[in-house]
Amino acid sequence: MLQQTQVARVVDYYHAFVTRFPTLRHVAEAPPSAVTEAWAGLGYYARARNLHALAREVAAAGGALPAEPAALRALPGIGPYTAGAVASFAFERRAALVDTNVARVLRRAFAPALDPKTGAGQRALWAIAESILPRSGRAAWTHNQALMELGALVCTARARHCTRCPVRAHCATFAAEVPLPARHRSS
DNA sequence: CTCCAGGACT
DNA sequence: AGTCCAGGAG
């Protein structure tokens, strides 16, 4: 539901959905129309169709979601981001993930000139994400969560709040905008 | 690469 | 009208 859809608009749909379909198997056993119906108003209905197809595929394969990003990636509706997110957040695998928030944070902090809209830009951001991943899966869980929160709450798209940013001392964008003398007092 | 989807906010 | 959003498929 969160693919290209803001959290605030998803929350209510999510709770209603997991109430009606408590497990993936419930989704798999329901007709496609029931899933689409629960999706009404959310838009991007391909996601509902993908979720239903995924549920049936997983159910047919024994009922358990795979934990590895590559295996997740093979399922319908699971792309690079969702594969990384599920591997990290659900299974505590040491996996990188780059969503719109993380892409913005990494670009501003490490590569301001990089264009995230291009394929080369995306690859570069994923490479950065991999390179700064902590050693353990548990630490990576916290690390990934923190990166996303930083992007959602502080390093936001329209107005970034550098004065409240815990990592501004290490940020290339902040360094470029604030003159060196002033940086000592503010950090 | 391009195209896709839908609603909110500027 | 344009931008943005916990992107993915073709």
Side-chain angles (χ1 to χ4, degrees), chain A residues 1-18 24 27 32-33 35-58 65-110 112 114-130 132-134 137 139-161 165 167 173:
Chain A
M1 286 181 172
L2 289 164
Q3 289 167 0
Q4 292 284 277
T5 302
Q6 285 150 184
V7 176
R9 201 156 58 79
V10 163
V11 180
D12 290 344
Y13 284 93
Y14 174 76
H15 284 110
F17 192 93
V18 294
L24 255 191
V27 178
S33 58
V35 178
T36 307
E37 197 174 309
W39 214 271
L42 255 185
Y44 287 118
Y45 298 98
R47 297 177 298 177
R49 293 191 294 273
N50 285 335
L51 177 58
H52 187 261
L54 178 148
R56 293 209 160 163
E57 198 171 317
V58 170
L65 267 180
E68 304 302 327
L72 286 161
R73 208 23 274 270
L75 295 167
I78 308 291
Y81 162 71
T82 305
V86 172
S88 176
F89 296 141
F91 296 104
E92 293 192 5
R93 294 304 171 120
R94 184 177 176 277
L97 56 90
V98 178
D99 74 329
T100 181
N101 286 310
V102 174
R104 182 174 57 251
V105 170
L106 296 181
R107 181 183 60 76
R108 285 177 179 166
F110 299 114
L114 198 150
D115 183 358
K117 295 186 297 296
T118 67
Q122 281 297 314
R123 280 193 298 281
L125 288 170
W126 277 88
I128 293 172
E130 296 281 358
I132 63 173
L133 213 54
W141 188 99
T142 307
H143 168 91
N144 286 327
Q145 203 71 49
L147 269 180
M148 296 184 66
E149 288 295 293
L150 193 60
L153 302 177
V154 178
C155 195
T156 51
R158 315 255 187 202
R160 49 186 184 280
H161 307 101
C165 182
V167 297
T173 299

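Labels below follow one simple rule: chain letters A, B, ... track the order of the sequence lines, proteins then strands, and each chain is numbered from 1.
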Inset, instruction - For dC5(C) versus dA5(B), give the span between their C1' atoms, rounded off to a whole number of Å. - result: 12 Å
Inset, instruction - Measure the distance from CZ on Arg47(A) to P on dA6(C) and round it to the nearest whole Å. - result: 12 Å
Inset, instruction - Take the protein atom CG of Leu51(A) and the nucleotide atom C1' of dG7(C), then report the distance between them rounded to whole Å. - result: 15 Å
Inset, instruction - Between Gly119(A) and Ala46(A), just flag the one whose closest nucleotide in DNA chain B comes earlier from the 5' side. - result: Gly119(A)
Inset, instruction - Select base, sugar-phosphate, or nothing to describe what Thr100(A) touches, counting heavy atoms under 4.0 Å on all strands. - result: sugar-phosphate
Inset, instruction - Could you tell me the separation between the OH atom of Tyr13(A) and the C1' atom of dA6(C), rounded to a whole number of Å? - result: 18 Å
Inset, instruction - Please answer whether the main-chain N or O of Ala152(A) pairs with a side-chain N or O of Thr156(A) as donor and acceptor at a distance below 3.5 Å. - result: no
Inset, instruction - Using only heavy-atom distances, decide whether a donor-acceptor pair under 3.5 angstrom links the side-chain of Tyr44(A) to the base of dG6(B). - result: yes
Inset, instruction - Can you measure from CD (Glu130(A)) to CG (Leu125(A)) and round to the nearest 0.5 angstrom? - result: 12.0 Å
Inset, instruction - Verify the distance criterion only: is there a donor paired with an acceptor across the side chains of Thr5(A) and Arg47(A) at less than 3.5 Å? - result: yes
Inset, instruction - Figure out the NZ/P separation between Lys117(A) and dC4(B), and round it to whole Å. - result: 19 Å
Legend entry - Interatomic distance, Asn50(A) CG vs dC4(B) P [rounded to whole Å]: 16 Å
Legend entry - side-chain N/O Arg49(A) vs dA5(B) OP1/OP2, d < 4.0 Å: no
Legend entry - Shortest side-chain distance from Gln4(A), nucleotide among dC5(C), dA6(C), dC1(B): dC5(C)
Legend entry - Option among Asn101(A), Val98(A), Leu106(A), Asp99(A) that satisfies the side-chain contact (heavy atoms from CB on, under 4.5 Å) test with Leu147(A): Leu106(A)
Tabulate protein N/O versus nucleotide N/O from nucleotides 8-10 of chain B, keeping only pairs under 3.5 Å, one per line.
none

Legend entry - Tyr14(A), OH: over 12 other non-hydrogen atoms inside 6.0 angstrom: no
Legend entry - Whole angstrom value for the distance that separates C1' of dG8(C) from OH of Tyr45(A): 18 Å
Inset, instruction - Grab the OH-P distance between Tyr81(A) and dG8(C) for me, whole Å please. - result: 8 Å
Inset, instruction - Using a heavy-atom cut-off of under 4.0 Å over every strand shown, decide if Phe89(A) touches base, sugar-phosphate, or nothing. - result: base
Inset, instruction - Between Thr5(A) and Gly79(A), name the one whose nearest nucleotide on DNA chain C is closer to the 5' end. - result: Thr5(A)
Legend entry - Distance below 4.0 Å between Gln3(A) side-chain N/O and dG8(C) OP1 or OP2: yes
Legend entry - Any donor-acceptor pair under 3.5 Å from Trp141(A) side chain to Phe89(A) backbone: yes
Inset, instruction - Answer with base, sugar-phosphate or nothing: what part of the nucleic acid does Ala85(A) contact at a heavy-atom distance below 4.0 Å? - result: nothing
Inset, instruction - Describe the nucleic acid contact of Gly151(A) in one word from base, sugar-phosphate, nothing, applying a heavy-atom distance below 4.0 Å. - result: nothing
Legend entry - Nearest-nucleotide comparison on DNA chain C, the residue closer to the 5′ end among Arg104(A) and Ile78(A): Arg104(A)
Legend entry - Whole-Å gap separating C1' (dG7(B)) and CG (Leu2(A)): 15 Å
Side-chain atoms of residues 67-81 of chain A: list all donor-acceptor pairs with protein atoms under 3.5 Å, sequence neighbours left out, distances to 0.1 Å.
| from | atom 1 | to | atom 2 | distance (Å) |
| --- | --- | --- | --- | --- |
| Glu68(A) | OE2 | Arg93(A) | NH1 | 2.2 |
| Arg73(A) | NE | Ile78(A) | O | 3.2 |

Legend entry - Main-chain N/O of Ala140(A) paired to Arg94(A) side chain as donor or acceptor, under 3.5 Å: no
Inset, instruction - Please check the phosphate of dA6(C) (OP1 and OP2 only) for any side-chain N or O of Thr82(A) closer than 4.0 Å. - result: no
